[in-house]
Number of protein chains: 2
Amino acid sequence: MARPRSFDPDDVLEIARQVFWQKGFQATSLDEITAASGIAKPSLYAAFGDKHALFLRVLDRYHDGILGWAERVLAQPGPAREAIRQWLTGFIPYCSGEKGQRGCLSINSATDGSLDQAALRKSIERYNRRLEELLRTRLRADRAQFKKGFDPDITAHTVMVVHAGLMALAHQTPDSKQVKAVIEQVMGLLA
Amino acid sequence: MARPRSFDPDDVLEIARQVFWQKGFQATSLDEITAASGIAKPSLYAAFGDKHALFLRVLDRYHDGILGWAERVLAQPGPAREAIRQWLTGFIPYCSGEKGQRGCLSINSATDGSLDQAALRKSIERYNRRLEELLRTRLRADRAQFKKGFDPDITAHTVMVVHAGLMALAHQTPDSKQVKAVIEQVMGLLA
DNA sequence: GCAATTCTATACTTATAAGTACAGAATAAC
DNA sequence: GTTATTCTGTACTTATAAGTATAGAATTGC
């Protein structure tokens, strides 16, 4: 019943994501986020809690974005093979060239030994579990499209590994053609 | 001509590696390294320079260890396929279970946005380049052992991607059987 | 044994960054 | 318009950690 918040929390999360993604959790100071967003620290603390809580919100948002997209792409009609190819190739802009340098926020966080917070680990685990579930479900459903002996569960995990590898190596700014070639070769396992 | 150093620098690098590997560069304070090693800060600074320089030494050592092992394994006589399978399976203890939690020091460092130091990037790039070179050289040499149309260069890179993915996902402590299954499936690309 | 030199330990300085107190500004309800 | 309430901005406190000054200990060469 009094003065309303002067900013949209979602806008701030978006800005915080950019800063955290670029520099990592530890190396990002709240002062940098206040500078980038124009929101003073007390307002940030009031809206989101401490730095860890803010980062968790950012990471969850990031996860939700990718999961939403994955759901759409993997629910596509047509051959499972094509859906998964499209899913993998969709990451190319994010794991090659200039833009790929920052890698994947989730993997960057998972490989950061200092982020040993239970809440963060859970968020990341849940994300990976759900992604793999989406892949597995689709591969199981379309199992008939593959050769005899095809194992949808292992294949789903292998696709996850390839995805993680591409995002981890993204920091070396590989060429998008090279990434594409790897994806095409891996598609050979989906036969 | 005067008092000699009372510690073996190599021992300290070994201890520093453990600490850095567990907690990451940023989150590790020099006080933790002095506590773990028993060496006081001024001695560390005299021997290695500042924290970044110490970490670079640790990382280079780590890289050299893995490269040396990779050279031995990949130079093995017999089919290239087996040499590479052995190389990949050799990582299983380091990317599954309890011990796998810390992941790979090199990848952890590469995905740490705060370590934007040119020297570190170079060390990591050189490491990846040399590893891939070892794989590529072996695959090219034994090219005749594979199906027509086999591309050793792309395959070498794909193996690097799989390796990076396994080490990145190691933080979720996967089961070693699952890792093994992925490797076996990927071996299907080496035919 | 003595001197020169280099290492080591304590204790300090300094910088950075997380989190907060407090005063003042803005808004909704009446 | 007034008042109660909540937000915002400045400035502060506090903690942590990197890097260093300085004094004292240890070792080699003579």
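Labels below follow one simple rule: chain letters A, B, ... track the order of the sequence lines, proteins then strands, and each chain is numbered from 1. None of the values given here were measured: they were computed from a predicted structure.
Using a 4.0 Å cut-off between a side-chain N of Lys or Arg and a carboxylate O of Asp or Glu, B:R61 and B:D10 qualify as a salt bridge. Between B:R130 and B:E133 there is no salt bridge, since none of the side-chain N atoms of the basic residue sits less than 4.0 Å from a carboxylate O of the acidic one. The existence of a salt bridge linking B:D31 and B:K41 is confirmed by a sub-4.0 Å separation between a basic side-chain nitrogen and an acidic carboxylate oxygen.
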5' to 3', nucleotides 16-21 of chain D under a 4.0 Å protein heavy-atom cut-off (B base, S sugar-phosphate only, - none) gives -SBBBB

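Every residue two or more places apart in sequence or in another chain that forms a side-chain contact (heavy atoms from CB on, under 4.5 Å) with B:E125 is listed here: A:Q172.
OP1 or OP2 of C:dT8 lies within a sub-4.0 Å distance of a side-chain N or O belonging to B:S43.
The main-chain N or O of B:I124 is found under 3.5 Å from a side-chain atom of B:N128 such that the two form a donor-acceptor pair.
The distance between atom CG of B:L44 and atom P of C:dA9, rounded to the nearest whole Å, is 10 Å.
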